[in-house]
Number of protein chains: 2
Amino acid sequence: MVRQNTARRTALIDAAIEVLAAEGARGLTFRAVDAQAGVPTGTASNYFANRDDLLTQAGGRIYERLQPDAAEVADSRSGARDGDRVAVLIQGVVDRVSSFKSGYLALLELRLEATRRPALRTVLTKHIRADVDANIRHHLASGLPGDEDTVVLLYLAMNWLVVERLTLPDVFGEDEMRRLVTSAVERLLA
Amino acid sequence: MVRQNTARRTALIDAAIEVLAAEGARGLTFRAVDAQAGVPTGTASNYFANRDDLLTQAGGRIYERLQPDAAEVADSRSGARDGDRVAVLIQGVVDRVSSFKSGYLALLELRLEATRRPALRTVLTKHIRADVDANIRHHLASGLPGDEDTVVLLYLAMNWLVVERLTLPDVFGEDEMRRLVTSAVERLLA
DNA sequence: ACCGTAGTACTACAACTGGAGTGGTGTCAA
DNA sequence: TTGACACCACTCCAGTTGTAGTACTACGGT
């Protein structure tokens, strides 16, 4: 019988995200999720039909958790309207994403897994396209300088910057990374 | 006894790269490598002490194969010295990397695996830092416009562009991606 | 020309690990 | 009383590893 307890289901999905980040797609098993969530062996089996199901739901959940909270959005709508302001905001986004390290790493694992799972690919494509569009709209509406390409190019560069920071932190130093954020904003706003 | 046949060892490592890309880190087993390389079961066991050993050697090998060949380097040193020229060159790099799809995906898998394997992290950091530095030096020496930050920022943006192309190709269309390359070069050269 | 040896290819085996799935029992609340 | 769920235990199965053993090939010495 498929269980309906949504609190527990969410807890299991969050546990799955942690497992993905910590152990990789290789380590994502029902058993590992059970252990991470601190529930008895066999529980995850009762909540998800199979691995595919679990991965797909995790894909949706991560994007839910990566969304900025309301306070942050409000914050971004106040204050000055210049390039320095953009740099601060972008740095904030990079820091926020970096701080949800397990989420970001799990998302990368899912991207790779999506290569082999059409259902997962569909889900991720939808969420990510929506996220990019939302960023564009939000930026254009904010009155900050920069056009659509600005936003997308910043998205590209900052994503990889986060990848470097989270996977091989010694390629660039911490200071260099902060400088790169500033530099990227300066040049891409033109 | 550890086998020394270097041709076979290389073939096994290349097979490991294909397995990584196709099956993910989850699927990288000695058996799978044997099968991919078309050699009898147990062969990979004779060539690599353990999974760690195999992964580390794969990390070195990928970067070897991702290097541009001599013809391409020579090509990049001829011709005009302007922004359009840079755009063409960058597009070439993006296409070349994208075309070695399994190599790039395997490298991503390895990056994630490096989170958990210090030995692998060391190897990858060394190679990638060297690659970035080489790109910077090469670019500055070429007389093309753009400074160090230009090169690094292009590196960041183009890497993620390739990630998008290879993992979720429908987020951006093929045309949009080519336009983004041009746009990135235009703005980052400033 | 013959032989011994070292390195390697190939095959097979034996044991182990870890996970999936399922059924059963107890508990709680409507 | 009934339905949903938590918890637990048990079985079955698939996949991997590491190694032992045998056969082949090339090469150097005599």
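- The two residues Ile62(B) and Ala106(B) have their closest heavy-atom pair at CD1-CB, 3.6 Å.
- Identified under the side-chain hydrogen bond (donor to acceptor under 3.5 Å, both in side chains) test for residues 128-142 of chain B, with sequence neighbours left out: Ser76(B)-His138(B), Arg129(B)-Asp133(B).
- For the pair Asn50(B) and Pro40(A), nearest-nucleotide mapping onto DNA chain D gives the more 5' position to Pro40(A).
- In this structure, a donor-acceptor pair under 3.5 Å is absent between the side chains of Tyr47(B) and Gln57(B).
- For Arg51(A) against dG19(C), no side-chain N or O and base N or O form a donor-acceptor pair under 3.5 Å.
- Closest to the side chain of Gln4(B), from the set dT19(D), dA20(C), dT8(C), is dT8(C).
- Of the residues near DNA chain C, Ser45(A) and Gly27(A), the one whose nearest nucleotide (by heavy atom distance) lies more toward the 5' end is Gly27(A).
- One finds a salt bridge joining Arg165(A) and Asp95(A) here, because a Lys/Arg side-chain nitrogen approaches an Asp/Glu carboxylate oxygen to under 4.0 Å.
- Looking at heavy-atom distances under 4.0 Å, Val2(A) makes contact with sugar-phosphate atoms alone, never a base.
- Atom CD in Glu23(A) sits about 10 Å away from atom P in dG19(C), given to the nearest Å.
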(request) Check step by step if salt bridge (charged side-chain N to carboxylate O under 4.0 Å, His left out) holds for Asp170(B) and Arg121(A). (result) CA-CA 9 Å; Asp170(B) 295 336; Arg121(A) 180 158 61 239; 5.8 Å; no
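- In terms of heavy-atom proximity, Gly103(A) sits nearest to Ile17(A) at CA-CG2, 4.0 Å.
- Side chain of Tyr47(B), nearest nucleotide from dT8(C), dT22(C), dT16(D): dT8(C).
- Salt bridge annotation for Glu164(B)-Arg111(A): present, with a cationic side-chain nitrogen under 4.0 angstrom from a carboxylate oxygen.
- A cation-pi arrangement, defined by a distance under 6.0 Å to the six-membered ring centre and an angle within 45 degrees of its axis, is absent between Arg3(A) and Phe48(A).
- Atoms CZ (Arg31(A)) and P (dG15(D)) sit 17 Å apart, rounded to a whole Å.
- In this entry the distance linking CG of Asn46(A) with P of dA9(D) reads 15 Å, nearest Å.
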(request) Indicate for each nucleotide in nucleotides 25-30 of chain C, in 5' to 3' sequence, whether protein heavy atoms under 4.0 Å reach the base (B), only the sugar-phosphate (S), or nothing (-). (result) ------
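- Contacts between residues 5-12 of chain A and DNA chain C, defined by a heavy-atom separation under 4.0 Å, are absent.
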(request) Report the C-alpha separation of Glu109(B) and Arg26(A) in whole Å, then their side-chain angles, then the decisive distance to 0.1 Å, and conclude whether the salt bridge (charged side-chain N to carboxylate O under 4.0 Å, His left out) test is met. (result) CA-CA 11 Å; Glu109(B) 295 277 2; Arg26(A) 180 160 223 257; over 6 Å; no
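- Listed candidates were dC7(D), dT16(D), dC10(C). Nearest to the side chain of Arg3(B) is dC10(C).
- Between Phe172(B) and Tyr155(A), the ring-plane angle classifies as perpendicular under the 30° and 60° cut-offs.
- Taking atom CZ of Phe30(B) as the reference point, atom P of dA12(C) lies 21 Å away to the nearest angstrom.
- We find that CZ of Phe48(B) is positioned 16 Å from C1' of dG18(D), with the value rounded to whole Å.
- Among the heavy atoms of the strands lying under 4.0 Å from Thr29(B) are primed sugar atoms or P, OP1, OP2 only; no base atom is included.
- Contact annotation for Thr43(A): no contact, since no heavy-atom pair falls under 4.0 Å across all strands.
- As a whole-Å value, the separation of Asp34(B) CG from dA12(C) C1' is 14 Å.
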